[in-house]
Amino acid sequence: MTIKAPRGTEDVLPGEIEKWQRIEQTARELFLLYNYREIRTPLFEDTRLFERSIGESTDIVEKEMYTFLDKKGRSLTLRPEGTAPVVRAYLEHKLYAKGGVNKFFYIGSFFRYERPQAGRNRQFYQIGVEAIGSDSPALDAEVINLSLHFLSSLGLKTLHIALNSIGCSACQPLYREKLKQFLNEHIDKLCDDCRRRTESNPLRVLDCKKEGCVSILKNAPSTLDFLCPACKEHFESVKHYLKMLGLNYQIAPNLVRGLDYYTRTTFEVVHSGLGAQNAVAAGGRFDGLVEEFGGESTPAVGFAAGVERIALAMDGEGVKVSDGKQTFTFIALLGKEYLEGGLLLLNELRRSGISAEMDYEGRSLKSQFRVADKLGVKFTIILGQEGATLRDMVKGEQEEVKREEVVSILKREK
RNA sequence: GUGGACGUAGCUCAGUUGGUUAGAGCACCAGGUUGUGGCCCUGGGGGUCGGGGGUUCAAAUCCCCUCGUUCACCCCA
């Protein structure tokens with residue numbers, strides 16, 4: 001075995017996949033309950049889609065995208081996130097024509113060239129929702145509520161919401177200037193990355209965790225103090241609705257999303273016990289994105305959750321998902337010469353909706369029973385010259401039955 | 001991209017100061033039972049000791065490089 005799965009990718013094997021299925025099934029049922037409908041977009045898109053939405057100076061676009069030229073020289077990129085493609089599809093198919101709020105959810109894999117780590121792969125899976133067409137703070141609250149409903153439905157308990165507002169196109173530039181001013185006053189005490197970001201992307205400096213920077217940032221102007229009246233009111237309403245819904249949150253003035261398209265509300269759902277990659281879900285508003293792509297000014301809000309991290313968190317909380325084994329019967333042959341009879345019975349059983357397995361290798365009866373036992377079947381049918389013997393593997397009892405009655409007997413037992 | 005730890009059978013791991021044909025448990029296969037599983041007993045298969053190079057009479061063991069895993073930084077869901 002010389003070829004392995006590429007670095008940062010993983011095979012999800014039987015035994016583990018059942019947990020993923022549970023996660024996806026829960027998402028489908030729950031999101032439908034909130035009237036979100038599934039959408040599937042391509043795995044790769046025109047590179048410009050991500051450059052324009054995520055932002056040229058973000059780490060994602062600068063160094064983490066899988067970008068390549070196709071045979072006609074088009075620049076394509078494996079999608080690094082889900083929001084821009086949904087907005088693109090929303091515009092391309094003129095889904096706004098339906099009016100009202102359009103609600104979508106998606107489940108799929110995304111790609112970023114990063115150093116792999118617990119809860120961080122190069123191909124990773126996200127489940128997300130986007131609600132496009134309303135600036136109501138009630139919708140922000142709904143999305144946050146849904147993310148928590150989803151995660152707690154999967155058995156996760158130690159969840160915390162971090163909440164912030166980063167303002168809109170009216171107030172954020174003002175704050176950005178004030179922050180830049182502040183950072184420049186302390187520029188000599190900031191780390192190299194932060195010095196660079198002070199010019200290119202000052203908001204991201206707030207996210208720095210280096211001790212020196214953190215102590216300086218304690219006194220940095222807060223985005224919350226610079227919100228325009230409309231944003232302030234919006235944020236107050238979001239908080240009010242969250243309280244009303246019984247959701248506890250912590251204000252995190254330094255919570256800045258890594259994607260440029262976010263406006264107003266940003267939030268993160270953190271699960272304690274995940275190590276460094278502790279955000280299981282995150283999202284926020286993107287009121288300017290639809291317009292950025294050439295549509296009418298259309299407000300929107302959404303979130304995405306990481307499937308691998310949810311699975312890790314479920315493991316941590318001891319959530320068990322059955323491994324889905326369900327073989328009901330096993331056919332044991334008294335000799336190779338009964339293979340055809342076995343195949344016919346096997347077919348009959350399966351066509352009758354009874355899961356069944358059989359040994360094709362001509363192994364000894366003892367071996368066949370060992371296989372049956374390992375499969376955990378409830379019944380083993382021993383097939384020989386005439387008729388059949390039906391053995392109850394749990395009781396350890398068996399009886400002779402007529403060959404043509406085997407299927408109907410087992411149907412009753414099922 | 002940076003730093004630390006690790007890399008021996010399918011899995012979990014032993015492997016003394018470098019010293020002969022690299023071990024155990026579990027798993028797997030077969031037999032003990034002239035057709036019947038789980039327990040037990042016996043036997044068997046399976047490892048280029050991550051890969052490459054070097055030091056040495058001799059390397060799983062020491063050195064270098066490389067790949068991978070992992071934790072943290074970073075980034076982010």
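Reminder, nothing fancy here: chain letters follow the sequence lines and each chain counts from 1. Values in this document were obtained by computation on a predicted structure and should not be read as measured data.
Using a 4.0 Å cut-off between charged nitrogen and carboxylate oxygen, A:K103 and A:E130 do not count as a salt-bridge pair. We find that A:K19 and A:E308 are not joined by a salt bridge, their nearest charged nitrogen and carboxylate oxygen being 4.0 Å or further apart. Salt bridge present: A:E45 and A:R88 bring a charged side-chain N and a carboxylate O closer than 4.0 Å. For the pair A:E51 and A:R48, the salt-bridge criterion is not met [side-chain N within less than 4.0 Å of a carboxylate O]. Residues A:R40 and A:E38 are paired through a salt bridge, judged by an N-O separation under 4.0 Å between the basic side chain and the carboxylate.
Between B:A72 and A:Q117, a contact under 4.0 Å exists linking OP1 or OP2 to a side-chain N or O. For B:U69, one of the phosphate oxygens OP1 or OP2 lies less than 4.0 angstrom from a side-chain nitrogen or oxygen of A:R7. Contact annotation: A:K374 side-chain N/O to B:C28 OP1/OP2 distance is under 4.0 Å.
Between B:G46 and B:G25, the two C1' atoms lie 16 Å apart (nearest whole Å). One P atom belongs to B:G18, the other to B:C62, and the distance between them is 8 Å to the nearest Å. Nucleotides B:C49 and B:G44, compared at atom P, are 23 Å apart to the nearest Å. Comparing B:U70 with B:A24, their P atoms are spaced 30 Å from each other, to the whole Å. If you take atom C1' in B:G51 and the same atom in B:G43, they sit 35 Å apart, rounded to whole Å. Between B:G1 and B:U66, the distance separating the two P atoms is 12 Å to the nearest Å.
Comparing atom distances between the A:F124 side chain and each of B:G38, B:G1, B:A77 picks out B:A77 as nearest. Side-chain proximity of A:F369 to the nucleotides B:C76, B:G37, B:G35 is greatest for B:G37. Nearest to the side-chain atoms of A:E308 among the listed nucleotides B:A77, B:G35, B:A30 stands B:A77. Comparing atom distances between the A:A118 side chain and each of B:C71, B:G35, B:A77 picks out B:C71 as nearest.
Here A:A279 lies in heavy-atom contact (under 4.0 Å) with sugar-phosphate atoms only. Nucleic acid contact for A:L259: sugar-phosphate only, since backbone atoms but no base atoms lie under 4.0 Å from a heavy atom of the residue. Within the nucleic acid shown, A:G335 has no heavy atom closer than 4.0 Å to any nucleic acid atom. Nucleic acid contact class of A:G128 (heavy atoms, under 4.0 Å, all strands): none. At a threshold of 4.0 angstrom between heavy atoms, the contacts of A:E81 with the nucleic acid are absent.
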Can you name the atoms? Protein N/O to nucleotides 6-11 of chain B N/O, anything below 3.5 Å, with the distance.
none

Are any protein N/O atoms closer than 3.5 Å to N/O atoms in nucleotides 31-33 of chain B? If there are, list each pair with its distance.
from, atom 1, to, atom 2, distance (Å)
B:G31, OP2, A:S364, OG, 3.4
B:G31, O6, A:R370, NH2, 3.4
B:G32, N7, A:K366, NZ, 2.8
B:G32, O6, A:K366, NZ, 3.3

Extract from the structure each pairing of a protein N or O with an N or O of nucleotides 49-52 of chain B at less than 3.5 Å, listing the distance.
none

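What separates CZ of A:R120 from P of B:U70 is a distance of 11 Å, to the nearest Å.
The number of heavy atoms from other shown groups lying within 6.0 Å of NZ (A:K180) is above 12. When the shell of 6.0 Å around CZ of A:F44 is examined, it contains 12 or fewer heavy atoms from other residues, nucleotides or ligands. In this structure, A:E92 places its CD atom where more than 12 heavy-atom neighbours from other residues, nucleotides or ligands lie under 6.0 Å away.
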- Task: Determine, step by step, whether A:H271 and A:T158 satisfy the side chain to side chain donor-acceptor pair (under 3.5 Å) criterion, reporting the C-alpha distance in whole Å, the side-chain angles of both residues, the deciding distance to 0.1 Å, and the verdict.
- Result: CA-CA 6 Å; A:H271 185 267; A:T158 54; 3.2 Å; yes
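Checked by atom type, the side-chain pair A:S355/A:T327 shows no donor-acceptor distance below 3.5 Å. Residues A:E64 and A:Y66 bring no donor and acceptor atom of their side chains to less than 3.5 Å of each other. The closest side-chain donor-acceptor pair between A:Y261 and A:E81 falls under 3.5 angstrom. Residues A:Y36 and A:E142 bring a donor and an acceptor atom of their side chains to less than 3.5 Å of each other.
Taking the ring-ring contact (aromatic ring centres under 6.0 Å, His included) definition, one finds that A:Y338 meets it with nothing, sequence neighbours left out. Among residues two or more places apart in sequence or in another chain, the side chain to side chain donor-acceptor pair (under 3.5 Å) test is passed with A:T47 by A:S75, A:T77.
Atoms OG and CG, on A:S364 and A:L334 in that order, are 11.5 Å from each other to the nearest 0.5 Å.
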- Reading RNA chain B 5' to 3', how would its secondary structure be written in dot-bracket notation, given Watson-Crick and G-U pairs with both distances under 3.5 Å, brackets [ ] for crossing pairs and | for partners on other strands? (((((((..((((.....[...)))).(((((.......))))).....(((((..]....))))))))))))....
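Not a single donor-acceptor contact under 3.5 angstrom links the side-chain atoms of A:R363 to the base of B:C29. Put simply, the side chain of A:R309 and the base of B:C76 share a donor and an acceptor less than 3.5 Å apart.
If A:K63 and A:V307 are placed on RNA chain B by their nearest nucleotide, the residue sitting closer to the 5' end is A:K63.
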